[in-house]
Amino acid sequence: MEARDEMLREVEETMGAGERAAIAIARDLGADLVVLDDERGRKEARRHGLNVTGAIGVLIEAKERALVSSMRSELDRLVEAGLWIDEGRPAGRPCDRVVREYGE
């Protein structure tokens with residue numbers, strides 16, 4: 001699905017094309033949730049009234065629904081596929097917290 005030009009015009013132009021399109025399409029569809037990992041994209045989505053989750057949030061939901069068996073192996077696959085996870089945040093390493101929480 002392509003974002004309509006009028007929706008794209010309302011999204012901050014300095015962001016990446018993917019983030020801009022995801023926000024514009026979510027708004028166009030009337031979605032209340034968008035999946036974004038980029039912090040600037042998340043802030044922009046919230047500015048437009050969207051709830052935000054990221055790849056780790058989707059993985060947590062999948063684990064809770066028993067759609068994946070191992071958080072660690074799925075996180076490793078995401079990283080191998082190129083997902084960059086900011087592990088330097090003050091709250092600790094996101095991957096370690098998630099894996100611990102699910103007993104792995």
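Salt-bridge check for D38 with R42: failed, with every basic side-chain N at 4.0 Å or more from each acidic carboxylate O. Here E61 pairs with R65 in a salt bridge; the nearest charged N to carboxylate O distance falls below 4.0 Å. Comment: R77 does not engage E80 in a salt bridge, judged by the lack of any side-chain N to carboxylate O separation of less than 4.0 angstrom.
Tracing side-chain contacts under 4.5 Å through hydrophobic residues (I, L, V, M, F, W, Y), one reaches V79 starting from L75; they form part of the same cluster.
Side chain of D37 to main chain of G54: no donor-acceptor pair is present (N/O by atom type, distance under 3.5 Å, no hydrogens or angles).
Heavy-atom minimum distance, A45 versus I23: N-CD1, 3.7 Å. Nearest approach of L36 to G41, heavy atoms of both residues: CD1-O, 3.5 Å.
Looking at heavy atoms from C-beta onward, L33 lies out of side-chain contact with V52 at the 4.5 angstrom threshold. E64 has its side chain within reach of I60: a pair of non-hydrogen atoms, C-beta onward, lies under 4.5 Å apart. In this structure the side chain of D32 never reaches within 4.5 angstrom of the side chain of L50, judged on heavy atoms.
In this structure, the separation between CZ on R72 and CZ on R100 is 10.0 Å, given to the nearest 0.5 Å.
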